[in-house]
Amino acid sequence: GGNNPRALQITDDGGYVAFGDSYVGAYQLASILKTDAAGDVEFLKVINDNGRAYDQHIQAGLQTADGGYVLAGYSSNGAPEGYLALLIKLDSAGNLEWSGKYNYPPDDHGAEAYCVTQTANGDYLIGGELINDINNNKVLTHGCWIAQINADGEEVWAQSHGHGYTVHYPMAMQETPQGDFVATGDFNGHPILAKFDALGNLIWNFVMDDYPGMGKALTLTPDGGCVVVCSAQSGNTTIVKIDHVFVPVP
C-alpha cells in the first residue's frame, strides 16, 4: 500500500518518528514509523482504531511528555457524521491508548485538524478548519476552529473563529509559558501569527503582508519571540522572526 508521511520528529532517545497514513485494503489508515538513531526500524504500525469505518488523513504528530505519541488529522468520509477531526494517542511502543473524533455541533459543522501541540498540563491543542454541515458533503469551509482535548481524549473547549479577522487553516500552534498560545496559517494569501488566550479567545493578529503564502511551522524563541516558516505556491520559503510575542521566562 501507499504511505504518506506528514510529520517527522527526533525522539528523546535520539531516534526518529514519522507520522502519516497508509493505504491498506482500500482505506487510508493512520500509521507510525519509529527508528533508532541509525535509521533502523524499531516499529512500524498501522493504527486501525476505527474498524475501517472511515479514511484517516494524518496531518501532524509529536512525541508526548510521557514518551508516547499523538497523531492528528481528519476524515472526510466519517459517515454519518461527515468531516471529523481526529486525535489518536499511542504509548511509547506505538500501541493504541485512545482515539477521539471531533466536530463542532454548536454551528452544525464538521471539522478537520491540521496541527497538534501539547500543553504544559498534558492536554492537547488541535487546530484546523470547519467544513460543511455535519451530515452533508458540499465541501464548504466555515473558517478557523481550535479545540483543547484533555489527556483522556475528551474535549475541554472548542472555539470557532469563522471567517473573521484571524488565522485560517492553522498549520502549527505552540503554548507560551504564560499559558496562552500562538498559531500560524493563512490570512488572505499572506502568513499570519495569531495569539489566543488559554480558552481560545483571540488576543491579537500579526499579518505578514510583505510575503505571499501561509505559515506552515513555528517555534517560540527564548527571548520572547517566535520564528515562523512560511511557504508560497510559487515555491518560495520565507523565515520570519517576530519579537515580543510572549514574556520570556527569566
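The analysis underlying the following values was restricted to heavy atoms, covering all of them including side chains, and did not include hydrogens, waters or symmetry mates. Note that the structure is predicted; figures quoted are calculated from it, not measured. Residue numbers count from 1 along this sequence.
Ring geometry for F187 against Y165 counts as perpendicular: the plane angle is over 60°, on a 0 to 90° scale with 30° as the lower cut. Between Y74 and Y114, the two ring planes are perpendicular [angle over 60°; tilted spans 30° to 60°].
A 4.5 Å side-chain heavy-atom check between N95 and L90 finds every atom pair outside the cut-off. With contacts defined as side-chain heavy-atom distances shorter than 4.5 Å, the pair H109/Y83 does not qualify. Within the 4.5 Å cutoff, no side-chain heavy atoms of S22 are placed close to those of Q28.
Looking at S75, its side chain does come within 3.5 Å of a backbone N or O of N77 through a donor-acceptor pair. With hydrogens and angles disregarded, no donor-acceptor distance shorter than 3.5 Å links the side chain of K101 to the backbone of A85. Between the side chain of Q118 and the main chain of A65, a donor-acceptor pair closer than 3.5 Å is present.
By the criterion of side-chain heavy atoms lying less than 4.5 angstrom apart, applied directly or through intervening Ile, Leu, Val, Met, Phe, Trp or Tyr residues, W204 is grouped together with L220 in one hydrophobic cluster.
Between Y104 and H142, the ring center distance fails the sub-6.0 Å criterion. Remark: aromatic rings of Y27 and Y54 are distant, center separation not under 6.0 Å. Taking the six-membered ring for Trp and the full ring otherwise, the centers of H168 and H163 sit less than 6.0 Å from each other.
If you run side-chain contact (heavy atoms from CB on, under 4.5 Å) between Q63 and each of D13, T11, V70, only T11 comes through.
The nearest pair of heavy atoms linking N188 to D186 is N-OD2, 3.6 Å. Taking all atoms of both residues into account, the shortest heavy-atom contact from L193 to M208 is N-CE, 3.8 Å.
Between K34 and D40 there is no salt bridge, since no side-chain nitrogen of the basic residue lies less than 4.0 Å from a carboxylate oxygen of the acidic one.
Side-chain contact check for D180 and T176: at least one donor-acceptor pair (N or O, by modelled atom type) lies under 3.5 Å. D21 and Q56 share no side-chain donor-acceptor pair at under 3.5 Å.
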